[in-house]
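Structure first, then comments.
Proteins get letters first, then strands, A, B, ... in listed order; numbering begins at 1 in each.
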2 protein chains.
Amino acid sequence: MQERQGGVIESRAVRMNKTAMRKRANLRDVAAEAGVSVATVSRVMNSPATVAPATRERVEGAMRRLQWVPSAAARAINSGRTRFVGALVPTLDSDIFARVLANLEQGLTAQRLSLVVATTDDDPDIELAKARALLDIGAEGLIVSGMTRSPDFDELVARARLPVIAISCHDPDYRMPTIGYDNHGAALAALSHLTGLGHRRIAVLHGPLRNDRTQRRVLALQGQGDADLTFHETTLSTAGGCQAVRGVLSGRRPSAILCLSDVIAAGAMAEVQRHGLRIPDDMSVMGLDDLPGSAHLYPALSTIHLPVSRMGRAVADALAGWVERDEKPDPQLLDHELVVRASTGPCR
Amino acid sequence: MQERQGGVIESRAVRMNKTAMRKRANLRDVAAEAGVSVATVSRVMNSPATVAPATRERVEGAMRRLQWVPSAAARAINSGRTRFVGALVPTLDSDIFARVLANLEQGLTAQRLSLVVATTDDDPDIELAKARALLDIGAEGLIVSGMTRSPDFDELVARARLPVIAISCHDPDYRMPTIGYDNHGAALAALSHLTGLGHRRIAVLHGPLRNDRTQRRVLALQGQGDADLTFHETTLSTAGGCQAVRGVLSGRRPSAILCLSDVIAAGAMAEVQRHGLRIPDDMSVMGLDDLPGSAHLYPALSTIHLPVSRMGRAVADALAGWVERDEKPDPQLLDHELVVRASTGPCR
DNA sequence: ACGCCAACTGTAACCAGTTACATCTGCAGA
DNA sequence: TCTGCAGATGTAACTGGTTACAGTTGGCGT
């Protein structure tokens with residue numbers, strides 16, 4: 001390295017000098033500066049009461065002079081604990097995951113754990129790679145989304161004997177504990193609200209099928225013969241909702257639009273209104289998620305409430321218990337709930 | 001500690017047994033298992049080419065048998081690097097910060113750095129505490145939001161000689177580099193769009209003033225004498241927008257509503273329409289942020305675009321450069337931009 | 001004046017890796 | 001046959017903390 005920097009002596013000297021300046025002081029330096037032993041310095045940090053006040057002050061002075069900050073790595077090497085867990089989510093750019101993580105972070109903080117986030121873009125290979133990276137930096141546990149895994153993922157987890165929890169889904173037989181809601185059932189609940197209102201011809205708008213949560217929702221509906229459903233895949237965004245609605249309205253018009261995500265519903269509602277149609281008089285729109293904003297759209301969106309915040313908390317507690325006390329959590333199913341607001345009404 | 005657990009011999013034995021079972025194999029164990037030295041095992045990890053293939057296989061076999069995963073802490077202690085930085089944001093439960101973090105995370109990942117997130121709830125004391133925690137676990141750099149700091153924060157940063165960047169704001173004279181947009185200017189741009197359309201009586205809806213970005217926006221407007229502005233503080237949410245609008249419409253009705261955040265605008269628009277008013281014919285609504293969804297509301301929201309994604313990227317690059325190559329970044333101002341859509345029109 | 005104990009401090013081993021340097025082997029070239 | 005050297009491996013000293021154990025000191029009781 002030095003060779004590669006090579007060349008002028010002066011530049012090397014500057015470099016080294018800079019390096020020397022930057023070098024963080026360590027325990028030994030502080031001990032020397034204060035004229036005490038390393039043990040005493042360590043004690044000032046960890047059990048100040050056992051150190052004579054005068055000595056303590058001398059040590060604290062030395063710490064300040066040398067701008068000493070203890071090394072976490074060194075601490076970790078002794079305790080074997082890093083006190084952080086990793087969360088692998090498809091994207092941060094989504095209300096849902098932001099809310100999960102917000103609650104997760106709060107819950108973990110309460111247990112004195114930190115949260116490292118990594119995004120996978122719903123790609124199992126990226127998930128695997130990032131999981132490796134998280135383990136390399138010492139994650140004590142992982143949170144993954146859904147149930148689509150790379151084949152190597154399990155081996156990795158088994159090797160590290162790592163606490164891992166899958167969220168946003170539910171399956172008691174899955175090889176790791178799941179904490180989440182029933183995507184299948186939630187989709188059915190949404191549909192039955194619409195059919196209960198008399199709707200038969202219904203357009204179903206959903207995000208990319210690579211996402212297994214979306215897939216479950218779609219699959220649940222495909223089995224339903226008593227309604228005339230047409231499926232429209234689009235992107236998981238308001239823009240996607242708008243675009244899909246343009247396609248829907250250009251064909252044989254349904255009486256209701258069922259969006260398998262609220263973000264899509266928000267875009268869909270806007271676009272429906274832009275076409276001069278009234279909601280719910282001319283067209284019912286149903287969501288699924290219940291984002292905080294959905295109650296305050298115009299009109300307020302009927303949807304299925306998913307207990308996302310509760311899930312974040314539950315996951316935090318479960319993972320903390322597993323990491324801290326080796327208590328492997330049981331799978332946990334959180335109920336969804338039909339929320340009827342203003343965007344759905346009787347057919348015609 | 002053992003004393004505290006105390007009591008029955010059997011229970012102690014169980015404990016120890018469990019501990020022994022859980023104890024992760026280390027380099028020495030692997031070396032013994034493979035019948036080689038620690039150096040050879042280490043070389044298998046770091047420079048496999050220098051190890052004889054037969055030996056390498058033997059070592060790899062031992063690693064697999066013992067399910068060995070290298071300790072990040074031990075690695076970190078040698079390299080002095082933890083390869084992660086911390087981000088302190090007011091909340092994760094916001095489109096804005098989710099988007100910033102999404103881009104930040106991507107940018108950092110490209111530089112092989114991880115991101116630890118912590119939320120501060122806009123409280124300088126929490127920020128300080130969480131910053132301490134992040135440093136304790138070895139963060140190599142920090143990202144903070146805005147310019148409101150606890151007095152002790154600076155000392156902490158100086159002590160650790162820590163790269164810290166403040167985002168979502170701009171001030172070249174601030175004691176740490178800022179990367180963000182001009183909140184003052186953005187608020188003025190929003191206002192002048194409305195006054196340019198002839199609006200004079202304008203209700204200004206904004207989030208809590210404890211947030212210094214909000215404060216800057218409000219302060220910028222308070223200096224403007226040529227318009228009749230009434231200020232309404234509410235929560236930073238669509239619900240807040242709804243609620244504030246109810247207050248606005250119960251009094252002397254303005255011709256336009258200027259929301260200093262798009263989330264508030266979304267709620268405001270919904271509530272305005274719920275009162276039977278048309279946008280923009282009866283009431284103009286202006287936002288500030290330009291969330292991805294704002295273009296797909298009904299009507300599409302006129303707003304000021306803040307380069308949030310670009311900011312995330314820029315911060316990632318800047319912080320990575322500082323951490324990796326000791327290049328302290330220059331303050332960076334990212335331009336905002338007026339986006340005129342369908343929610344604003346001429347007065348009356 | 002002596003012993004004892006508490007309060008304080010120091011020494012050195014330890015955690016789990018990396019790596020400079022030393023050693024050992026075997027084969028090619030003189 | 002001896003030298004030289006490359007390739008493979010081992011030894012031990014680091015990294016920066018914690019902590020068990022071993023001193024040292026001084027005050028108090030007898």
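- Between C/dG17 and B/S42, no contact under 4.0 Å exists linking OP1 or OP2 to a side-chain N or O.
- A sub-4.0 Å separation between OP1 or OP2 of D/dG16 and a side-chain N or O of A/W68 is absent.
- Residues A/R64 and A/E57 are not paired through a salt bridge, judged by the lack of any N-O separation under 4.0 Å between the basic side chain and the carboxylate.
- Dashed line: the shortest gap from a side-chain N or O of A/N46 to OP1 or OP2 of D/dT18 is under 4.0 Å.
- Under 4.0 angstrom from either OP1 or OP2 of D/dG16 there lies no side-chain N or O belonging to A/R75.
- Rounded to whole angstrom, the span from the CG atom of B/N26 across to the P atom of C/dT18 amounts to 12 Å.
- When B/N26, B/V30, B/N46, B/T55 are each tested for a side-chain contact (heavy atoms from CB on, under 4.5 Å) with B/V41, only one passes: B/V30.
- Atom CD1 in A/I77 sits roughly 13 Å away from atom P in D/dT15 (whole-Å rounding).
- Salt-bridge annotation for B/E33 and B/R58: absent, with no side-chain N of the basic residue lying under 4.0 Å from a carboxylate O of the acidic one.
- Atom CE in A/M45 sits roughly 12 Å away from atom C1' in D/dG16 (whole-Å rounding).
- Summarising the geometry, the separation between CG on A/L27 and P on C/dC15 is reported as 18 Å, rounded to the nearest angstrom.
- Side chain of A/T119 to backbone of A/L92: no donor-acceptor contact under 3.5 angstrom is found.
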Is there any protein nitrogen or oxygen under 3.5 Å from a nitrogen or oxygen in nucleotides 7-12 of chain D, and what are the pairs?
unit_1, atom_1, unit_2, atom_2, d
D/dT9, OP1, B/T55, OG1, 2.1
D/dT9, OP2, B/A52, N, 2.9
D/dT9, OP2, B/T55, OG1, 3.3
D/dG10, OP2, B/S37, N, 2.6
D/dG10, OP2, B/S37, OG, 3.0
D/dG10, OP2, B/T40, OG1, 2.7
D/dG10, N7, B/R43, NH2, 2.9
D/dG10, O6, B/R43, NH1, 3.4

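- Using modelled atom types, no side-chain atom of A/T91 and backbone atom of A/S94 make a donor-acceptor pair closer than 3.5 Å.
- Look at A/N78 and you won't find any side-chain N or O under 4.0 angstrom from OP1 or OP2 of D/dT18.
- For the pair A/R112 (side chain) and A/R83 (backbone), a donor-acceptor distance under 3.5 Å is absent.
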